[in-house]
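All values derive from a computational prediction rather than experimental measurement. Chain A is the first sequence line, chain B the second, and so forth, proteins listed ahead of strands; every chain is numbered from 1.
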There are 2 protein chains.
Amino acid sequence: MSGMATADTALRADARRNRDAVIDAAGALFAERGDDVQMGEIAQRAGLGVGTLYRHFADKQSLRAAIIGRRFEAMAELARSCAQVEDAGDAFESLLLGYLSEVEKDVAFRVALLSPTPAHWDDIEKQKESFSAAVSEVVDRAVTEGHLRADFTAADFILVTRGTIANMTEEGDWRRHLTLQLEGALTKDAPTKGAPTRGAPGQSPRDSGR
Amino acid sequence: MSGMATADTALRADARRNRDAVIDAAGALFAERGDDVQMGEIAQRAGLGVGTLYRHFADKQSLRAAIIGRRFEAMAELARSCAQVEDAGDAFESLLLGYLSEVEKDVAFRVALLSPTPAHWDDIEKQKESFSAAVSEVVDRAVTEGHLRADFTAADFILVTRGTIANMTEEGDWRRHLTLQLEGALTKDAPTKGAPTRGAPGQSPRDSGR
DNA sequence: CTAGATTCGGAACCGGAATTCAGGTTCATA
DNA sequence: TATGAACCTGAATTCCGGTTCCGAATCTAG
């Protein structure tokens, strides 16, 4: 029931240093180009030989898992910290925005978030749950205080963010999408935008985005 | 109407038959397992040798493009047909639901919809535009008649559907996500759920076309 | 029915990327 | 400092799936 993960196994000083270098290099590269990065490139960027990567990670898959794991860990951390924020609305907002802006920086993470979890990932499944729990806290509080529709849940948070993430591409502007979703998710007063419900005097159909 | 793409080039009878077989096989396989299907498997399922696939398509990429192209074509068709529906609300609803339920059946199509278009795809870009135009018609009409928020556009339709598609996975239930989005996108009455605000005519389990 | 062009089959070929491994090198302890 | 375990390197190897190639099989015009 304890130190199981990767950590403390008394590595030789240089070994640990190198392992970290690998993680950094891989993290950066994956974040930038997703999965299409080759082991050789990672090694190079870390200033090491490929063999070294394999001394620390069984295979590419494991390396990636380690990287993604970190991200999840960080997100769980973020969620926990947001759960401490006084105002429920602020807590929710900072979680939502914080999460998304973090995700925005990492292609590989995005891919991981959009694809069904690859089975053997179950140690990451842990982190996910931890994250989910914290999110739940924040969401529930926001619901209770009337910032979100009464039936909104942590699962919905995932749905909404996943949707937004799917629109983090060249053309599709995810903030717009988020707004669209929120103004339905947010409790009905929505001061954010001026979305007039009333009669619709002719609006010009040909109207480009912003 | 006009004969367009690759079609009628006077192929030997059996050749055309085989080509169709390839398209069917590939279509089914891609729809089921996305990109991780090998040429050999497609050939086998079509009851042909790999060589034959290459007689009809330059490479795997082209084959896939052909398949995806069909789907887009079909969607454009769907959109055009929905544009004919009398009631603007019904038109929008049937387009939205029709589109999504079609997409739901095809993994490869989903992937194509979520990933940035691979450059050389430009003949597909055509179909996309055609689709987009028809969607625009439907959407604009729905907006004018007050079924959708005034600033809703065809681009938003893409955002919303893409978001929904991203949630077409094992656990995440996309219908719920769609509801969440709609109740913000739809003009402000939304009584569907036990939301704290007032209510008006609903809109969730509507009828389906006529 | 026959010749010649088309099309088919599928084993062999290839390129690219992950993974291995046989030394050389570096750390840490006595 | 000396010594051996731990670690590193990177060329060689393995894997894997797309693509090619050409004799064999099939069509169709005449």
Side-chain angles (χ1 to χ4, degrees), chain A residues 6-30 32-68 107-108 111-112 118-121, chain B residues 6-30 32-68 107-108 111-112 118-121:
Chain A
T6 37
D8 62 338
T9 332
L11 279 184
R12 222 168 70 176
D14 60 336
R16 151 144 283 112
R17 185 172 32 260
N18 289 338
R19 205 184 66 97
D20 290 346
V22 170
I23 291 181
D24 287 349
L29 253 14
F30 281 145
E32 192 173 306
R33 307 215 307 274
D35 204 11
D36 64 1
V37 177
Q38 34 238 75
M39 295 302 263
E41 196 173 0
I42 295 174
Q44 179 164 34
R45 166 140 180 179
L48 301 168
V50 250
T52 305
L53 303 209
Y54 288 92
R55 166 161 294 279
H56 296 291
F57 301 92
D59 51 30
K60 195 180 186 182
Q61 195 63 359
S62 305
L63 174 52
R64 143 155 297 191
I67 304 293
I68 298 297
V107 186
V111 172
H120 357 273
W121 250 210
Chain B
T6 37
D8 62 338
T9 331
L11 278 185
R12 220 168 73 176
D14 60 335
R16 151 144 281 113
R17 184 172 32 261
N18 289 338
R19 205 185 61 99
D20 291 346
V22 170
I23 292 182
D24 287 349
L29 252 14
F30 282 144
E32 193 173 305
R33 308 216 304 275
D35 205 11
D36 65 359
V37 176
Q38 33 241 76
M39 294 304 262
E41 196 172 0
I42 295 175
Q44 178 164 35
R45 166 138 179 181
L48 301 167
V50 251
T52 304
L53 302 210
Y54 287 91
R55 166 160 296 279
H56 296 292
F57 300 91
D59 52 30
K60 194 181 185 181
Q61 195 64 358
S62 306
L63 174 52
R64 145 155 297 187
I67 304 293
I68 299 296
V107 185
V111 172
H120 357 271
W121 250 212

Taking atom [atom2] of [N] as reference, at what distance in whole Å does atom [atom1] of [X] sit?
X     : N      : atom1 : atom2 : result
A:E41 : D:dG10 : CD    : P     : 16 Å
B:L63 : D:dT19 : CG    : P     : 10 Å
B:L48 : C:dA11 : CG    : P     : 15 Å
A:Q44 : C:dA18 : CD    : P     : 14 Å
B:R16 : D:dC27 : CZ    : P     : 16 Å
B:R19 : C:dT6  : CZ    : C1'   : 16 Å
B:I42 : C:dG9  : CD1   : C1'   : 17 Å
A:Y54 : C:dA18 : OH    : C1'   : 4 Å

For nucleotides 15-17 of chain C, print each protein N/O atom paired with a nucleotide N/O atom at under 3.5 Å, atom names and distance only.
residue: C:dA17; atom: OP2; partner: A:Q38; partner atom: NE2; Å: 3.1
residue: C:dA17; atom: O5'; partner: A:Q38; partner atom: NE2; Å: 3.4

Checklist entry - Rounded to the nearest 0.5 Å, what separation is found between the CG atom of A:D24 and the CZ atom of A:R19? => result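 A:D24 atom CG to A:R19 atom CZ measures 10.5 Å (nearest 0.5 Å).
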
Looking only at non-hydrogen atoms, find the nearest pair between [X] and [Y] and report the distance.
X     : Y     : result
B:G49 : B:A43 : C-CB, 3.8 Å
A:A66 : A:F57 : CB-CE2, 3.7 Å
A:H56 : A:N18 : NE2-CB, 4.4 Å

With [X], which residues qualify under salt bridge (Lys or Arg N to Asp or Glu O under 4.0 Å), at least two apart?
X     : result
B:D59 : none
B:R17 : none
A:R45 : none
A:R12 : A:D14

Taking N or O atoms only and anything under 3.5 Å, show me the protein contacts with nucleotides 4-7 of chain D, one pair per line.
residue: D:dA6; atom: N3; partner: A:R12; partner atom: NH1; Å: 2.8
residue: D:dC7; atom: O4'; partner: A:R12; partner atom: NH2; Å: 3.4

Next on the checklist: Classify B:A13 by what it touches in the nucleic acid, base, sugar-phosphate, or nothing, heavy-atom distance under 4.0 Å.
Outcome noted: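 Sugar-phosphate: the residue B:A13, judged by heavy atoms under 4.0 Å, touches backbone atoms but no base.
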
Checklist entry - Is the closest side-chain heavy-atom distance between B:I42 and B:F30 below 4.5 Å? => result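 Counting from C-beta outward, B:I42 and B:F30 do come under 4.5 Å.
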
Next on the checklist: Let me spell it out: for each of B:G49 and A:G51, pick the nucleotide of DNA chain C with the closest heavy atom. Which residue's pick is nearer the 5' end?
Outcome noted: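 Residue closer to the 5' terminus by nearest nucleotide: B:G49.
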
